[in-house]
Amino acid sequence: MERISSIEDLRKLKASVEPRFSVREDKDPTRIKTAPEICVRICHGSGCIASGSEEVTKAFEDITTEKGLDARVKVIKTLGTGCHGLCEMGPIVLVNPGDTLYTRVQAEDVREIVEKHILNGEIVERLLYHDPLNGKPIPTYGDITFYLHQERRVLHNNGFIDPWSIDEYIARDGYQALLKVLTQMKPDDVIEEVKRAGLRGRGGAGFPTATKWGFVRSAQSDEKFVVCNGDEGDPGAYMNRSVLEGNPHSIIEGMAIGSYAIGNVHQGYAYVRAEYPLAIKTLKYAIAQAEGYGLLGENILGSGFSFFLDIFPGAGAFVCGEETALLSSIEGKRGNPRQRPPFPANVGGGLFGKPTTINNVETWSIVPQILSKGADWFANVGTEKSKGTKTFSLVGKINNTGLVEVPLGTSVGEMVFDIGGGIPDGKKFKAVQLGGPSGGVIPIGHLNTPIDYESVAALGAIMGSGGVVVMDEDSCMVDVAKFFLEFTRDESCGKCTPCRAGIPEMLGILDKISRGKAKLEDLDILEELAEMVSSTSLCGLGQTSPNPVLSTIRHFREEYEAHIIDKKCPASVCSGLFRSPCQHTCPVELDIPGYVSLIKEGKFIDSYRLIKQRNPLPVVCGRVCNHPCEFKCNRGQIDEPIAIRDLKRFAADYAYNQGFKYTPKIKEKKTERVAIIGAGPAGLSAAWDLTLEGYHVTVFEALPVAGGMLAVAIPEYRLPNDMLRKEIQDIEDLGVDIRLNTTVNDIDALFADGYKAVFIATGAHQGTKAGVPGEDLSGVYDAIEFLREINLGRPIEVGKTVAVIGGGNSAIDSARVSLRKGAGEVHIFYRREEKDMPAVGEEIEAAKEEGVQFHFLTAPTKVLGEDGRVVGLECIHMELGEFDRSGRKTPNPIGGSEYSVDLDMVIEAIGQRPDTSFVKDGEIKTGRGGIVTTDKRTLATSKEGVFAGGDVATGPQTVIEAISAGQRAACSIRRYLKGEKLTPLVERNGYEPIAYSSEPPSEEETKEKARIKASEIAMSKRTSSFKEVTLTYSPEEAIEEASRCLRCDLEVEG
Amino acid sequence: MNEITLTINGKQVKGKAGNTVLEVCQANGIDVPTLCHLDGLSDIGACRMCVVEIEKERRPVPSCTYPARDGLVVQTNTEKLEKYRRQILELIFTEHNHFCMFCEKSGDCELQQLGYRYQMDHVRYPYTFPSLSVDSLNKYIAIDHNRCILCGRCIRACSEIAAAHTLDFSQRGWKTEVSADLNQSLGESSCLNCGICVQACPTGAIFNKINLYKGITDDCEQLKTICPGCGVGCELNVLIRDNNLVRIDAPSLTGSRSTLCRIGRFELLEQTLPRITSPLVRGKKCELEECSLDSATQRISRGLNEAKDSFSGMASSRLPSETLSLFNRFVSEVIGSDSIDTPDGASYRIISEGISKFAGNGKGLDIECPIEEILEADCILVIGADPETTNPVVSTLTRRAVSQSKAKLIVVNSAKDVFPLWTDLWLRPRVGSESALLTGLAKIIVDKGLAESEKVSTEFKESLSQCEIGEVTRTTGIEKENLEQMAEMYAQAKRGVIIYGDDLLQNSGSGSVTTILNLASITANQVGNGLRVISLKPGANSRGAWELGLAKGIKPDRPKGLYLLLSDDTAGERLLNWLRGIDFLVVQASYHSPVTAMADVVLPSPIWAEREGEYVDIDGRVLEIKQVLKPSDGVLQDKELLMGISQKLGRELVLS
């Protein structure tokens, strides 16, 4: 290589290389048919190499060298580039002209790409990137939402140039900044420009780079050093690796510029972790190239300025990312941090005691562009205090795993949902961990938080070097804190006491919490310890190590309390607390592995008995339970979760069809009488449990039927009335006295009548209104009223064209009932997007199948009427704005987008609330929306002897939650009547033991296999009647489905 | 010295520029608890007990590392800080296994004291009860890792003071342990047994095995005296309880001669041989029998008569000058002989001959430099010497110079591996060829113009004219390149020090000594009026003995009778062999030993701790030694005994 000694040399070189780029920049896909040269860029980042990009490259080359491919295509140039970012989709292949992006390309796919696409212009659709939300293929790189929201500056060469070619770097204006600086700028001017740009250290702390350089510049020493910190070690972070691998010269150039600005620097070190062999190799090669051109080394460009750069491979200690430890490591000592002051910038504090500037890879890498494009260019994105862009690695439970670069100030929500494409498998977003083990969580309620140094810190996280770990509902926050503490415990250098001994103790307390062995006081000790470790540790590792603990406690205290008080891990992660995730997730802790096993063994009646012991309403739950158990089923990670609900229904239906009646043993009769108000699932299950305890129970029900919402809100086609009645009959047969059509207006009167305890379980039966004009018109119903009238067989005239407003289960129920009642068209208007609908997915699908029409991002503004009757609905289109506290984007009306539709019936399904007007004011406290205030664990109200549970105490919830509340209330009432202290834990004992197999599944049974779908009645028969749509399993189907169970309960140690 | 003013706990206090906040606090009587800090060691801010709040600092900072400056506002004892300190102590107590009742250090333990100070009646965190090892393979020092608080004081003492670099941390985080070398047991490691780690340890993690459980500091009387181990003259802090030795510490870790070595710290405590508490004479059955001083004197008198004029005296150079001086008179006036020597007298005669042959010298041993010059050296040539054996502190100073001041180290020794891990140039000439090597070295230095030409006397130049480098390499077996390398390293040094010892003297003559002095003088390795040359003197009072004229030498070579004042010294193999040829042997000694086993008359003598007087150390400093123990029953001071004998022999000595 010849030395470059002038701007003219550099320009000539640039001009000679630039033509190479024209095909890469050609975005017109039609030109692939005519272009004589094709460029195939194949990602050669570590991630893509691991998934086979080298084999793909070879396949391209092999096929290209085959003779007689085509006369037209003269050149197929393959090019290994740095990381494109979509790492999980690798190997990534980009074909130009056209910017066509192929994902997960394997060597065997290459022939198809060449023959179909390159030679014939047909894009290979199956290999394209598919939008995770709608599954649609996106052919062009730039149209992928992942890239649309990014601003790639640090990464502007990544994926575009060949990282092994200094010429290509130069052709993209590389080394021009260095030349400019050396020939036209004074060192102080360089520092001033960086200062004006507002560049802050990208390693995490965000210290202003120019200030740092200024300190070292003014330190008195004839020898100074610059260091590049490439010891990227956060779990899930690989931003720096990608820059080192994809654009190494930017770092070299940046360091040379910095050295010139600082003065008296002749030697720099790039400290790169040895776990990054490709990064080290690439950078080493780049250094040699730069030296060959005279852009590095003695007398650069004849300016008299000399700068040498060496690579120092780190030995794998995370703490060496801490600058003082990194310096010790380069000095050849144990990589322990040292106390500052003296700071590295001071005499005595830097490398070998000399003043030293240490900057992160990304910081150095952006410096050349700041100098060549100017401070204003850099600062034109970002926030007031955090300028420019920042790279992040987006990992965890996210659709688009990868490397991203966005302007600082981009919100967490944009990062997760717009760039990241949301959470896979329809799971719910929970939090992101920002800043790795030194950072903290940002929960769902803070999705609008702009990612900048200050905002992130205000929430207890840190910017860190840019690792973003996305967590969904399956992440337990105690477990997350444990994970990061285990990391910092093992990576602590052990020098200072708080970090060395404090982290293991914090971990010990967390471990106790995760095993349900902790007390609430332990949480205080933990917080106190965390505060001390943070305040007194020597270096950043120790000081920030408690962040995951403190931030998870701060944002998820209730989850910690669930572990401590309820002995529950809401995410079903802390396996020390449970036998199996399904049972643990079930609000009544049903022995699911047990009853599934009994079905597998063919013991269907035993299975039913086992269910009924803990749930008096298996027929109901077998049909309408929202089955939280299935979401946690480990089988779901192999193929699909076990059909736990369908199996329950099978067992229950089987028992009823066989005429089997379950008669549990009632304990010794007691004298006390208990009154229960409301015969819904909460009231009935409390009645069941209390009767079994020997108490006399009277249930007062205002409606003419028992069952509450089960009877009056769930349509017949989902839950046949006769089946429900049978189950309620069982309860009556046990001795529960249910008094229908009896409204309780005075609780004191019940005590006066001799009842010793009262359980309020009146549900939430009042529909809420949208509050738009015209709601009082005839033909406007609220869903709950509508469904009740239908279920009670009362006459309701259903219109020809029905509008249902809302996105919950009652909206779907109302729509489907309307169809069955003769409506010609049913429209659902929902103000958000489909993915935000609270209704159960199967129900939405069924409604669509039955012909219900959905209108998303649409809200009613006015009910139109004539002569007091509904004739239409005025709607408005909505657009999505910021994220709300539930993590969904807030819909805002688009002014002027109003339109009207003609219809003759409106059903508002936008919410329910309890009617607690019978509760005397002040005696029993109520809260927002009329909800009775209770201790959420013991269900005690503010009045002694009175308990409340189910929807009346929580607002609309699920059946299984109501049953759980009834059991909880029964437990508390028993304790109350015995004069015992109320405790938060529900006692579940005294069951008759039913043995089942402890044989784990065979290997055959664990092989991938879809769940057995219960059959449904023909579509033609559905909307014409209220016949139950879903049928139950046959015994064979049930056994087959039950055989899929992995029996997680057997894996528990001990 | 710039004075600065700080506000500490609301009060204005003065400090010196360059002090740490902790130093200012300590100088002003403000108590700040510490664990990893130890005067004399560098500070690392590891334990975090000394954290203080400083205005404008976001977090508490360790006062031991924080530089004090004018106007600093410091709080040392806020409620928050005290809470942190208690929590840190709790962590230390739970991290490893601290059971005071089983610990040698109980009562002397800094951790225990802090436990009391913070009323550590319970800890709130679970004990981790790790099962850590106890390393007790070393002869003197054991490490119980269960009691280790990882303050790193032992490690810093080992590297900064002993400059042995044996100890360091291994593993990391919660698994961190103090380790010797690459995870060796201390007994199998490069440990030199200087014991500085024992003194540095704040807890009972590193402890002295040989005097365990003899008493805690508060129960002991502490007296200072001088180590009788070698000529370096280290000060000892001796702890005494009930007239028993409990422990020996270095009085301070800061001085160059107060670091102690295995001899001063451990070997002096070892009393394995039986004491001699009464006069003994060899009886009819050829066995030593207890007798009165009178009958012993009679036996001596008979011996004197039998040996007539072939009776000599020899005294250990470990004895104080007063005793030696009296013994000198005893030999000449009582025994009537001018034949007297010390066991190391031969070395002296070679050295002094060598010095006297060095041009223009009239200073004798004063031409040498003090051993502190080693610390300032940029090049050290150790030739024919084994300081780690004879004068361990000299070897410590050498290692310190190498590891801390980056001095170059050249070792020339034909027989032994000296400083095997430390040398830049390590030459092993053929036995007896050191003299030739030195001449060759001088020749190269002069020929290559590396010397300061005006200092090279024509006489010296002439003496080199016969030297031919080819011949030197043949004689010594050392390659020319190595000689040249050595010449450059030494001659280009600005503060080069040459250390030589017995190995050189025994193999080469006084000419080597002269050459060494010449080398130092022509290469400007001078200090004041002297030269940067040190001859090692093995006895604690060798220089005193020599200067008192006790190293005259014994004539004839093997006298018929010998009065050997050995005291608590031991005899080497060579001396023992020599003694075997003597007909009549009187030994005045503290312990039964192979020497007393061949004696005709044995007389008791006090041990080092039981006597007083003065030493002249390696550099010529006069040091006072104190009696720290009362002599055992029946043991008289050597002087008293000698005077008693002279009286009984009718030739009474009178103290002037």
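Letters A, B, ... are given to chains in the order of the sequence lines, protein chains preceding strands, and every chain is numbered from 1. Note that these values count all heavy atoms, side chains included, but never hydrogens, waters or copies made by symmetry. In this text, all values refer to a predicted model and were calculated from it rather than measured experimentally.
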Assess the side chains of B:Arg48 and A:Gln339: does a donor N or O sit below 3.5 Å from an acceptor N or O?
yes
Between CH2 on residue B:Trp174 and OG1 on residue A:Thr488, distance to nearest 0.5 Å
12.0 Å
Of the backbone (N, CA, C, O) and the side chain (C-beta and beyond), which part of A:Arg338 lies under 4.5 Å from a heavy atom of chain B, both, or neither?
neither
Side chain, backbone, both or neither: which part of A:Leu529 has an atom under 4.5 Å from a heavy atom of chain B?
both
Is the CG atom of B:Leu182 crowded by more than 12 outside heavy atoms at less than 6.0 Å?
no
Can you tell me which portion of A:Pro504 sits under 4.5 Å from chain B's heavy atoms? Options are side chain, backbone, both or neither.
side chain
Could you walk me through whether A:Met532 and B:Ile88 pass the side-chain contact (heavy atoms from CB on, under 4.5 Å) test, one step at a time?
CA-CA 8 Å; A:Met532 185 277 283; B:Ile88 288 165; 3.8 Å; yes
Pair count under 4.5 Å, heavy atoms only, with chain B: among A:Lys512, A:Lys495, A:Arg500, highest is A:Arg500
Atom OH of B:Tyr84 and atom OG of A:Ser535: how far apart are they, to the nearest 0.5 Å?
3.0 Å
Quick check for you: among B:Asp168, B:Thr94, B:Ile92, B:Val51, which has the greatest number of heavy-atom pairs under 4.5 Å with chain A?
B:Thr94
Nearest-0.5 Å distance that lies between atom OH in B:Tyr125 and atom CG in A:Leu526
9.5 Å
Heavy-atom cut-off 4.5 Å, strictly under: side chain, backbone, both or neither for B:Thr20 against chain A?
neither
Identify the two heavy atoms, one from A:Pro498 and one from B:Cys47, that lie closest to each other, and give their separation to 0.1 Å.
CD-O, 4.5 Å
Residues, nucleotides or ligands: over 12 heavy atoms within 6.0 Å of B:Lys408 NZ
no
Under 4.5 Å from any heavy atom of chain A, what part of B:Glu90 do you find: side chain, backbone, both or neither?
neither
Please look at A:Ser537 and chain B and tell me whether the side chain, the backbone, both or neither of the residue comes under 4.5 angstrom of a heavy atom of that chain.
backbone
How long is the straight-line distance from OG1 of A:Thr536 back to CE of B:Met49, given to the nearest 0.5 Å?
10.5 Å
To the nearest 0.5 Å, atom CZ of B:Arg58 lies from atom CD of A:Gln543 at 7.5 Å
What part of A:Glu521 gets within 4.5 angstrom of chain B, counting heavy atoms only: side chain, backbone, both, or neither?
neither
A:Lys567, NZ atom: more than 12 neighbouring heavy atoms under 6.0 Å
yes
Decide yes or no for B:Glu95 and A:Glu505: does some side-chain heavy atom of the first lie under 4.5 Å from some side-chain heavy atom of the second?
no
Give a yes or no on whether B:Tyr116 atom OH has more than 12 heavy-atom contacts from other residues, nucleotides or ligands under 6.0 Å away.
no
Which atom of B:Thr176 lies closest to which atom of A:Cys493, heavy atoms considered
OG1-O, 3.5 Å
With rounding to the nearest 0.5 Å, note down the distance linking OG1 in B:Thr65 to CG in A:Leu538.
7.5 Å
In terms of heavy-atom pairs under 4.5 Å, which option from B:Gln171, B:Lys175, B:Gln87 contacts chain A the most?
B:Gln87
Among B:Gly45, B:Ala46, B:Cys36, B:Pro60, which has the most heavy-atom pairs under 4.5 Å with chain A?
B:Ala46
Interchain contact, B:Ile149 with chain A, by part (heavy-atom threshold 4.5 Å):
backbone
Please determine whether a side-chain nitrogen of the Lys or Arg among B:Arg172 and A:Glu491 lies less than 4.0 Å from a carboxylate oxygen of the Asp or Glu.
yes
